[in-house]
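Please read the structure below before turning to the comments.
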Amino acid sequence: MAGKFFAKPTPENNDRVPPGQYLAKGFPVLTYGDTPEINTEEWQFRVWGLAQEKTFTWSDFMSLPQHDFIADFHCVTRWSKLDVSWRGIKVTDFMELVELDPSCTHIMQHSYGGYTTNLSLEDFLKADNFFAHTLDNKPLPADHGGPMRLVVPHLYAWKSAKWIEGIEFLSLEKLGFWERNGYHRRGEPWQEERYAGL
Ligand SMILES: Nc1nc2c(c(=O)[nH]1)N[C@H]1C(S)=C(S)[C@@H](COP(=O)(O)O)O[C@H]1N2
Ligand SMILES: [Mo]
């Protein structure tokens, strides 16, 4: 697999590349289906289920603290990209605006276009997770999930929903799009949690 698009890990970064992964030289785009085109004025974000239902606008997100993030990105199709440079809003900061029912244990991410992916509440509330609107100091391109995506660095990248439009809060684990189609319910790359039932 090494060559034009992929590189073997080097001794310097080897301990940051999970088993079975290669380093991508660029930043590949991986999308199932069409790329939705949404501008920041029409973009909305809704929370519902076991949280008081609320809709947020782009400016609601912009008025939250903004941070730079450097995070590694691991796609289950075996490419990884180290040190991706993003800017956005911490999930934990956003969640201060959400009134969560104590019975909530899981969440579902919902995207424009219909993509879904699930997380346990614990995996969603990790301090390192963030909503990203900027990549390499430029507005997040549509093919990488702009105007806004979630980034969950500690799990395989299919858990980082592009074009995110809402979170459904749940008291049981529901499965998202890839999880219903044979992928692992959690997807931790260091444990190689690639497929369900393995
Ligand atoms: N809405 C949506 N989010 C998505 C996907 C998708 O097809 N639709 N693909 C997932 C997968 S499999 C990966 S690897 C990453 C890829 O992100 P990128 O295209 O920015 O590299 O987005 C994830 N989020
Ligand atoms: Mo992926």
Side-chain angles (χ1 to χ4, degrees), residues 1 5-7 16-40 42-47 61 68-89 91 107-119 123-124 126 128-168 174-196 198:
M1 268 250 283
F5 298 110
F6 295 96
R16 294 172 57 195
V17 182
Q21 297 293 110
Y22 289 82
L23 290 177
K25 288 181 178 169
F27 191 3
V29 168
L30 217 137
T31 299
Y32 183 87
D34 296 329
T35 294
E37 297 285 341
I38 306 118
N39 62 43
T40 56
E42 65 191 323
W43 182 82
Q44 290 201 324
F45 188 87
R46 188 165 71 97
V47 299
F61 272 70
D68 292 315
F69 302 92
I70 304 284
D72 298 347
F73 200 80
H74 308 295
C75 173
V76 71
T77 66
R78 299 188 182 272
W79 58 267
S80 289
K81 183 169 174 57
L82 303 183
D83 293 327
V84 185
S85 160
W86 311 91
R87 189 167 175 77
I89 297 102
V91 165
I107 68 110
M108 186 72 77
Q109 305 173 50
H110 291 262
S111 295
Y112 287 93
Y115 185 86
T116 54
T117 185
N118 60 278
L119 293 172
D123 279 325
F124 176 61
K126 281 256 156 65
D128 289 345
N129 298 342
F130 55 94
F131 295 92
H133 55 67
T134 298
L135 172 64
D136 291 335
N137 290 313
K138 291 186 229 40
L140 181 61
D143 55 0
H144 284 299
M148 190 78 85
R149 77 179 300 168
L150 197 70
V151 179
V152 179
H154 71 287
L155 299 178
Y156 281 122
W158 90 78
K159 297 291 189 178
S160 294
K162 306 198 277 191
W163 317 292
I164 194 153
E165 67 162 343
I167 302 284
E168 179 185 8
K174 283 199 204 165
L175 299 182
F177 173 71
W178 285 119
E179 295 85 0
R180 285 194 307 272
N181 284 285
Y183 285 85
H184 197 278
R185 50 212 317 134
R186 176 152 193 255
E188 207 285 327
W190 296 93
Q191 310 289 327
E192 283 204 70
E193 292 175 344
R194 297 175 188 274
Y195 308 110
L198 293 178

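When a ligand or atom number is given, it counts from 1 through the structure's own listing order.
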**Request:** Could you check whether the rings of F61 and F45 sit parallel, tilted or perpendicular, using 30° and 60° as the cut-offs?
**Result:** perpendicular
Show me a pair-per-line table, with atom names and distances to 0.1 Å, of protein N or O atoms that are under 3.5 Å from an N or O of ligand 1.
from: ligand 1; atom 1: 1 (N); to: S111; atom 2: OG; distance (Å): 3.4
from: ligand 1; atom 1: 1 (N); to: K162; atom 2: O; distance (Å): 3.1
from: ligand 1; atom 1: 3 (N); to: K162; atom 2: N; distance (Å): 3.0
from: ligand 1; atom 1: 7 (O); to: Y32; atom 2: N; distance (Å): 2.7
from: ligand 1; atom 1: 9 (N); to: L30; atom 2: O; distance (Å): 3.1
from: ligand 1; atom 1: 17 (O); to: R149; atom 2: NH2; distance (Å): 3.2
from: ligand 1; atom 1: 19 (O); to: L30; atom 2: N; distance (Å): 2.8
from: ligand 1; atom 1: 19 (O); to: K162; atom 2: NZ; distance (Å): 2.5
from: ligand 1; atom 1: 20 (O); to: H144; atom 2: ND1; distance (Å): 2.6
from: ligand 1; atom 1: 20 (O); to: R149; atom 2: NH1; distance (Å): 2.7
from: ligand 1; atom 1: 21 (O); to: P28; atom 2: O; distance (Å): 2.7
from: ligand 1; atom 1: 22 (O); to: R149; atom 2: NH2; distance (Å): 3.2
from: ligand 1; atom 1: 24 (N); to: S160; atom 2: O; distance (Å): 2.9

**Asked** For K174, which residues count as a side chain to side chain donor-acceptor pair (under 3.5 Å) partner, sequence neighbours excluded?
**Response** E168
**Prompt:** Below 4.0 angstrom, N of the basic side chain to O of the carboxylate: do E188 and R186 qualify?
**Reply:** no
**Partners passing side chain to side chain contact (heavy atoms under 4.5 Å, CB included) against K159 (at least two apart in sequence or in another chain)** = T117, N118, L119, L155, E179
Please tabulate, for the side chains in residues 132-154, all donor-acceptor contacts under 3.5 angstrom to protein atoms that are two or more places apart in sequence or on a different chain.
from: H133; atom 1: NE2; to: Q66; atom 2: OE1; distance (Å): 2.7
from: R149; atom 1: NH1; to: H144; atom 2: O; distance (Å): 2.9
from: R149; atom 1: NH2; to: S160; atom 2: O; distance (Å): 3.0
from: H154; atom 1: NE2; to: D123; atom 2: OD1; distance (Å): 2.9

**Prompt:** Hey, does L175 have a side-chain heavy atom less than 4.5 Å from the side chain of R185?
**Reply:** yes
